[in-house]
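To keep things clear, I will list the structure first and then write my remarks on it.
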Amino acid sequence: MSNENQPTLLVIDGHSLAFRAFYALPVDSFQTSDGQHTNAIHGFIAMLINLLKAEKPTHIAVAFDISRYSFRTREYPEYKGTRGETPPEFIGQIPLLQEALAAMNITTITVEDYEADDILATLATTGSAAGYRVLVVSGDRDTIQLVNDEVTLLYPSRQGVSDLTRYDPAKVQERYGIRPEQYPDVAALVGETSDNLPGVPKVGEKTAVKWLGIYGSLDGILENAEAITGKVGESLREHKDRAVRNRRLNRLVTDLALPVELSSLARSAIDEEAVRDIFARLQFRTLLDRLLKTEGIDPSASQAGSATPTSAPERPEPQRLLDEELRAWIERNAASGCGIALTADVVEGRVVDVALSTAEQSVELAWQLHGADYAPFEEWLTGDSPVVMAGAKSLIKAFHRSGLEVAGPIIDVELLGWVLRPGSPEKDLAGIARRYLGEDLPVGDPNQLIASEGSGLAVDAWFLSRLAPVMREALDEGSLRVFDDIEVPVLPVLAEMELAGVAVSHDELHTLSTSLGDRAADLAAQAYAEIGREVNLGSPKQLQEVLFDQLGMPKTRANKTGYSTDAGALADLQAKSPHPFLGLLLQHRDATKLRQIVESLDKAIAPDGRIHTTYGQIGASTGRLSSTDPNLQNIPIRSEEGRRIRSAFHAGEGMETLLTADYSQIEMRIMAHLSGDPGLIQAFKEGEDLHRFVGARIFGVDPSDVTPEMRSKVKAMSYGLAYGLSAFGLSKQLRIESSEAKKLMSDYFERFGAVRDYLRHVVEQAKTDGYTTTIFGRRRPFPELSSPNRVVRENAERAALNAPIQGSAADIMKIAMVRIADEMRTSDLRSRMLLQVHDELVFDVAPGETDTLGELVTRHMSGAAELSVPLDVQLGVGTDWNTAGH
DNA sequence: GCGAATACGTA
DNA sequence: CGTACGTATTCGCT
C-alpha cells in the first residue's frame, strides 16, 4: 500500500503516447499559422498536465525511441516490419515535444539500440526497488508485464490519450484473467500483429489464458505440448518456435544502464520563460494557462516577480532630485553607458511623471512643464545627449505636445529588440528584459492604487539603462548600421508624420457612405429575390447553405469550415454554373467592404479635421512599416469607387496641394541589382516599359509587337517571382494551362537566368546562415528553413526569397524619408511629409513650394541607394490623393 | 468577451 | 502551390 510520503515516479513512453494523441486528435484542427502540425504535442501535453494534477508525481521521466531499429530488429529483421510510413504530419512533432518537455524541466531519456519500453521497464524495476510508487504510461500492451503491487500501468483508451485506464494487478486479472507477469506468455502465443509477430495459428486469447491456467507458464505449456489434443495442439507443436521467439522479443529489458540517476528525475519548477517561448511557437494558449496554473503561477501576470534570480543586481532606491542637484546628476551621467534612460507616464497625450536612470542610480521627477526646478531635465531632453527609451515614438509625441522636441539620438530598446529579432513575439519591455537580462520585470498589483514597492517608472528606467548596452552589444555590424543609420533617424520622422495627420473630408465620406449603403441594401434585396429568402450575406456559413445545398452548385476549394466562398471561388462558380445570385453577392461584398472602410475612416477624423494614423516601426519582420488606427496603407485604389475614397483625402488648411512620389517597380529593380542579371539591368537602363521589354525577350518579338495580353502575363510573372511563385500558382492566377505557365517560366529564366540563380542562392545562403540579409545589412532569421515539415519549410523558403527584396526596398524608402525630412527642415520648408505607403510618400505642399519639394523629394528618393539600375521616381500633384496619384 | 476562421483592402 | 501587413464580420466558445 502506498502512503502519503511515498515518492511517486511517473514514467511515460513519449513516442507511443504522442502517436496515440496524433490519431486521437484531428490533424487539421491543430496547426500553427505557419503550418506546423501540433495535434500530437497538444494531446501529449494535455495528458501530461492532467497527470501532474491528478497524480502529483515527485519524479518524472519521458522515454523515447531513437529510431525504429533496435537489438530486436537485429535479432528478427521483420520486427515491426509491417508498420507503414510515418505520416508526414507527425514528423517534426517529436523534436518540438522534446523541446517543450525540456522547457518544463522534465527529463527525456533515450538509449541507443533499445526501445522506450525497455527504459520504462528499467525505471519501473529500479524505481519500485528503491521504494517509489511507479506509474507507467504507455500505449504498448507489452508493458502490462511490468504491473505489480508497486507499479501501475496507465493505458490510453480508444477515445483519446487523456482518458487513461489504470491497470493494477487486480485490473489485469479482471481484463485478461491472468497475472501481469503472465501477459508476455499470452502475447507470445497469440502474436502481435502491430509488431509483425505472428503467433501460433488458431490460438487466441481465450485458449492461451486457459492453457496458462492449467500449465502455469509458457514453458509449462511447451513442455506439455504433446498432451494438448486436437487441431490446436497440432498447431502448437508445429509453431512452438514462433512462441519462443515472440517470448524472447517481448521480454522487456529491466537492467539497462541509464544515463541518469533516479534522484535526478525529481520534479523541479518549470523554466517559465522557455515554456512561454515554446508554447508561443506552438500557439498553445489554453494549455499554457493550464500548465502555469498547475504550477501555481498566475497566467495573467506576464511575468512572475518572485522568479527574479538572486544574481540580479539590486535595484537602486529612486532619488528625488531638483534644480542644481538634478543638473549635477544629469551632467555626471549623460555620457555614461548608452546614455540616461527615460520613462514617463502619459495621460491624455501629455507627459505627467518622469523617471531617469542609469544602471546604478534612479531619479524620480514630479515633473511640471517649465517648472524652474526641472529646467536641467528639459535642457537635457531637448539637447543632443542620447536618450534610452522603450516605445519612444509615443513619448516623443507626448513631449512634442508640451512643446519639447526630443532631439538626441534615441535608443529605443523595443526597436533594438526588433532589429535583433524581427518577428519575435516579445515586443514589450517585460519580454525584452526576460530575454536579454534573464530577469523578470517586477509587476505591480493591479488592484492596488498606489504602485507597490519595486515597480513603476523608476524601475522600468533602471531596466532600460541596463538593457541598452547589452542589446547594442548583441548587434552584428550590419544590424548596427541599420539601427543607427536607418531606424533611429526615421523614428522622429514618423512621429512628425503621425502628429501632422492628413486632412480628410467628412462630408465627402458621409455622402459616399450613404450611397454605398443604399447600393448594398439594393443589391441585398435583389440577391434575396434570386434565392427566395433572406440570408446574412456576410456569413460564409449561410452562404454555403445557399450555394451548395439550396442551389446545388459544384463544390469549391475546401476550407476548415466547408467550402470556400471567397471572390476567386465565386468567380469559378460563375464560370461553371452561372447564376445571377453570384454576381449580386460579389457586388454586395464590394459595396459593404468599401462602406466599412469609409465608415472607419470617418470615425477616425480627429477634431482638427485630419486622420492621424500610427505607424508600426516594429510591426513587419521584413523591415517595412505598418499602419494602424486606422490603417492608411490599404486605402482602395483599384476600383472607381475606391478612388472616390482617395478623393476625400485632400490638401490641408493653408496648403496648396498634395504631392505624391513613388518608386516605380522598386522591387524588380532591387532584384535586377541583387541578381546582376545583364538583361534585366539593361531593361531598366533603357528606361522604357519594363514589361514590354521583358515580354519582347521572352516571346522573341519586337517590343512594339508585344500584345497587351503578353504584357499582362509577363507583368504577373515578374511580380510573382519575388514572392516565390510556382508554375502552378501562375497558371491559376492567369487562368492558363499549367503547361503554358511552365513554358512561360522556363522562357523567362532562359532569358534572365541570373534571376533564377540569385533566387536559388538566397534560399541556400539563408539555410546556411539561418537568416537573410538586405542590401543594408538588415537580418531576418529563418529557423523554419530546417523544418522537417515540408509545408512549413517551403513557406519559409518563399518568405526567405522575398525578405531581402522587400526588406531592401523598405530600407531604401526609410533612408529617403530621413534625408527628405532633414533637408525640409534645414531649408525651412513649410510643406509636410504625411503618409508612407511602402513605395509611396504623400506630402502636404505649402504655397509656392511645389517645384522645390518635388525636386528635393525626387533627388533623395532616387539617390537613397547606389544600385546598378536607376531608381525611378514618379511625382504627382493634385488637390486630393486621387488626382495627385496619377 | 475572446479567439479562430474567413474574407479582403494595400504594396 | 505568392510575400508583407490590418481590419471587419460571424460564429462557437467560456
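Quick note on labels: first sequence line is chain A, next is B, and so on, each numbered from 1.
Rounding to whole angstrom units, CD1 of residue A:Ile618 and P of C:dA4 are separated by 18 Å. Separating the CD atom of A:Glu667 from the P atom of B:dA11 is a distance of 12 Å, rounded to the nearest angstrom. Atom CZ of A:Arg589 and atom C1' of C:dT9 are 11 Å apart (whole Å). Rounded to an integer number of Å, the gap from OH of A:Tyr615 to P of B:dA11 is 14 Å. One atom, CG of A:Asn634, and another, P of B:dC8, lie 14 Å apart when rounded to the nearest Å. If you measure from atom CE of A:Met745 to atom P of C:dG2, you get 10 Å, rounded to the nearest angstrom. The OH atom of A:Tyr723 sits 13 Å away from the P atom of B:dT10 (whole-angstrom rounding). Between the CG atom of A:Leu586 and the C1' atom of B:dA7 there is a distance of 12 Å, given to the nearest Å.
Contact annotation: A:Arg790 side-chain N/O to C:dC1 OP1/OP2 distance is not under 4.0 Å. Taking side-chain N and O atoms only, A:Thr565 has a distance below 4.0 Å to OP1 or OP2 of B:dA7. Note on A:Ser621: every side-chain N or O is 4.0 Å or more away from OP1 and OP2 of C:dA4. Contact check, A:Arg285 against B:dA4: a side-chain N or O comes under 4.0 Å of OP1 or OP2. Between A:Arg638 and the phosphate of B:dT10, there is a side-chain N or O to OP1/OP2 separation shorter than 4.0 Å. Note on A:Asn631: every side-chain N or O is 4.0 Å or more away from OP1 and OP2 of C:dT7. Distances shown here put a side-chain N or O of A:Lys541 below 4.0 Å from the OP1 or OP2 atom of C:dG12. Taking only side-chain nitrogens and oxygens, A:Lys593 never comes nearer than 4.0 Å to OP1 or OP2 of B:dG9. Side-chain nitrogen and oxygen atoms of A:Arg798 include at least one within less than 4.0 Å of the OP1 or OP2 phosphate oxygen of C:dT3. Side-chain nitrogen and oxygen atoms of A:Gln283 include none within less than 4.0 Å of the OP1 or OP2 phosphate oxygen of B:dA4. A close approach under 4.0 Å does not occur between any side-chain nitrogen or oxygen of A:Ser626 and OP1 or OP2 of C:dA4. Contact between the side-chain N/O atoms of A:Asn536 and the OP1/OP2 oxygens of C:dT10 is found at a separation under 4.0 Å. Residue A:Thr561 has no polar side-chain atom (N or O) positioned under 4.0 Å from OP1 or OP2 of C:dC11.
Here A:Ala567 lies in heavy-atom contact (under 4.0 Å) with sugar-phosphate atoms only. A:Gln596 comes within contact range of the sugar-phosphate backbone alone, with a heavy-atom separation under 4.0 Å but no base atom that close. Within 4.0 Å of A:Ile805, counting heavy atoms only, lies no atom of the nucleic acid at all.
Ion pair A:Glu487/A:Arg778 flagged as a salt bridge, since at least one NZ, NE, NH1 or NH2 atom sits closer than 4.0 Å to an Asp/Glu carboxylate oxygen. For A:Lys743 and A:Glu740, the salt-bridge test fails: no basic side-chain N is under 4.0 Å from an acidic carboxylate O.
Across the strands present, B:dA4 finds its partner in C:dT10; the criterion is a Watson-Crick or G-U wobble pair with both atom distances under 3.5 angstrom.
Between A:His691 and A:Gln665 there is a side-chain heavy-atom pair separated by less than 4.5 Å.
Of all heavy-atom pairs between A:Leu871 and A:Met861, the closest is CD1-O, 3.9 Å. In terms of heavy-atom proximity, A:Ile775 sits nearest to A:Leu867 at CD1-CD2, 4.0 Å.
Distances from the side chain of A:Ser539 to the nucleotides C:dA8, C:dT10, B:dA5 place C:dT10 closest. Closest approach to the A:Asp566 side chain among C:dG2, B:dT6, B:dC8 is made by B:dC8 (side chain taken as heavy atoms from C-beta onward).
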Report task. Could you walk me through whether A:Val504 and A:Phe649 pass side-chain contact (heavy atoms from CB on, under 4.5 Å), step by step? Result -> CA-CA 4 Å; A:Val504 179; A:Phe649 288 70; 3.7 Å; yes
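Using bins of under 30°, 30° to 60° and over 60° for the plane-to-plane angle, the ring pair A:Phe279/A:Phe284 lands in the perpendicular bin.
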